[in-house]
Amino acid sequence: MDDLFETLPRHTCSWIKALSIPTKGKGAYYKYEGFWNFRILLEGAILAQRTFKAQPSDVFLCSSPKAGTTWLKALAFAIVTRKQFDAASSPLLTTFPHDCVHYLESGLEQINENHKNSDFPLVATHLPYASLPKSVVDSDCKIVYIYRNIKDVLVSHYCYMIEVAKLQVEDVPFEVVFDEFCQGISWYGPYWDHILGYWKASQERPGRILFLKYEDMKMDTTSNVKRLAEFIGYPFSIEEEKTGMVESIIKLCSFDNLSNLEVNKNGNYRPEKIGAVANRHLFRKGKDGDWKNYFTDEMEKKMNKLVDEKLIGIDLVLK
Ligand code: A3P
């Protein structure tokens, strides 16, 4: 793989530059198939592209980082396992949502294990549509894509990197990360191209990709959870609706509930593979509009213009 990586465009991201410890090149983003990412995740993606065999019953949960992946994973997991576990016995009470549904590019072994040992059908990925393994695109797998207001994604990403890298805000000014992001340089970015890839695919193959918007899910969680359940092939029965199953899943997966569980407050994620990340970093505020605390008027105008230019003619609201 070294040969390949030597040919790829490379960028050392601002928050890595701010670290005082040497990172031996591990903190650089590489541009592969049009998107920026860390080498270790690209190696995982390439392995998945070469070896992953999708099954028609698989459901892919796709997103850019910070668009609401953790919430979507928890909801989908609670929906598909509700016959085995009720809200009082759900594995989500003691297991980090990212350990309930694994990422294709970093959890391939566990996903293959699930394929062998159960009919558990959920697979998550941050990969752009164009980088999905061919077997996923060729199969009838269902794909759920969650997206979020671009400004909140950027702020969430900024705060996450600062926390994970144990930096101070002064070490990496928001303006620097904002400028990088606007150039399309971000984790799995450009963010707008990520969305566009899935959007175009959804137009070409209607009925195969469900688009969910984080803000809509917050505003009307019930309808969106029902849409999700229906789409992935686990619709709620009338009886379940009457007995409060939908509400119980929503409560189980709510930000307030998940972020206060011991496992999510004090546990660690992926200690061996990528370096430990505290689970709590995946639960920050869980609110809309925090960008207003970070953006200047000028930044807001610039971002709005960028979105108008990039998503011209696309019926998705990102700002
Ligand atoms: P904030 O940083 O704005 O608080 P991802 O899971 O894709 O990495 O996205 C993380 C964002 O989703 C964070 O946003 C996090 O707080 C929020 N989040 C995590 N769990 C959530 C939940 N159950 N409900 C709503 N938002 C949630």
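We use all heavy atoms of the structure for the numbers below, so side chains are in, but hydrogens, waters and symmetry mates are not. In listed order, ligands and their atoms are each counted from 1.
Ring to ring, Phe211 and Tyr198 are not that close: their centroids are 6.0 angstrom or more apart. Between Tyr294 and Phe178, a ring centre-to-centre spacing not shorter than 6.0 Å is recorded. Between His115 and Phe52, the distance separating the two ring centers is shorter than 6.0 angstrom. Under the 6.0 Å cut-off for aromatic ring centres, Tyr214 and Trp71 qualify, their centroids lying closer than that.
In terms of protein heavy atoms, atom 16 (O) of ligand 1 is closest to Arg284 N, 2.9 Å. Protein heavy atom closest to atom 6 (O) of ligand 1, with residue, atom name and distance, is Thr70 OG1, 2.4 Å. Looking only at heavy atoms of the protein, atom 21 (C) of ligand 1 is closest to Phe255 CD1, 3.7 Å. For atom 22 (C) of ligand 1, the closest heavy atom belonging to the protein is Trp71 CG, 3.5 Å.
Considering all non-hydrogen atoms of both residues, Ala45 and Leu127 come closest at CB-CD2, 3.6 Å. In terms of heavy atoms, Ala67 sits closest to Tyr191 at CB-OH, 4.5 Å. Among all heavy-atom pairs drawn from Leu93 and Ala88, the shortest one is CD1-O, 3.3 Å.
If you number the atoms of ligand 1 from 1 as listed, the ones under 4.0 Å from a heavy atom of Cys253 come out as 23 (N). Per-residue contacts place Gly286 under 4.0 angstrom from the following atoms of ligand 1 (heavy atoms of the residue considered): 1 (P), 4 (O), 16 (O), 26 (N). Remark: ligand 1 atoms within the under-4.0 Å shell around heavy atoms of Leu282 are 8 (O), 15 (C), 16 (O), 19 (C). Short contacts between ligand 1 and Gly68, defined as distances under 4.0 Å to a heavy atom of the residue, involve ligand atoms 5 (P), 6 (O), 7 (O), 9 (O). The Lys285 neighbourhood of ligand 1 comprises atoms 4 (O), 16 (O), with distances under 4.0 Å to a heavy atom of that residue. Ligand 1 places these atoms under 4.0 Å from at least one heavy atom of Phe283: 16 (O), 19 (C), 20 (N).
Looking at Trp291, Phe181, Tyr158 one by one, the single match for ring pair (Phe, Tyr, Trp, His ring centres under 6.0 Å) with Phe174 turns out to be Tyr158.
For the salt bridge (Lys or Arg N to Asp or Glu O under 4.0 Å) condition, no pair includes a residue of residues 44-62, sequence neighbours left out.
Under 4.0 angstrom from ligand 1, the non-hydrogen atoms of Ser254 all belong to its backbone. Only the side chain of Tyr214 comes within contact range of ligand 1, with a heavy atom under 4.0 Å; no backbone atom does. At a 4.0 Å heavy-atom cut-off, ligand 1 touches Ser156 through backbone and side chain alike.
Not one N or O of Lys287 is nearer than 3.5 Å to an N or O of ligand 1, by distance alone. Ligand 1 has no N or O atom lying under 3.5 Å from any N or O atom of Asp152, backbone or side chain. The shortest N/O to N/O separation between Lys66 and ligand 1 falls below 3.5 Å. For the pair Lys218 and ligand 1, the shortest N or O to N or O distance does not fall below 3.5 Å. Below 3.5 Å of separation, one finds no N or O of Ser64 facing any N or O of ligand 1. At under 3.5 Å, a nitrogen or oxygen of Arg148, whether backbone or side chain, sits near a nitrogen or oxygen of ligand 1. Considering backbone and side-chain N/O of Pro65, none are found under 3.5 Å from N/O of ligand 1.
Scored by the side-chain contact (heavy atoms from CB on, under 4.5 Å) test, Val164 finds Tyr160, Val277, His281 as partners (sequence neighbours excluded).
For the atom pair Leu122 CG and Ile232 CD1, the distance stands at 6.0 Å (nearest 0.5 Å).
Relative to atom 5 (P) of ligand 1, the option among Ile146, Thr221, Thr69 with the closest non-hydrogen atom is Thr69.
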Can you list the steps and then say if Asn224 with Lys218 is a side chain to side chain contact (heavy atoms under 4.5 Å, CB included)?
CA-CA 9 Å; Asn224 281 291; Lys218 291 218 85 136; over 6 Å; no
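Residue Cys159 places every heavy atom at 4.0 Å or more from ligand 1.
Enclosure of atom CG in Asp315 is not indicated, since only 12 or fewer non-hydrogen atoms of other residues, nucleotides or ligands lie within 6.0 angstrom.
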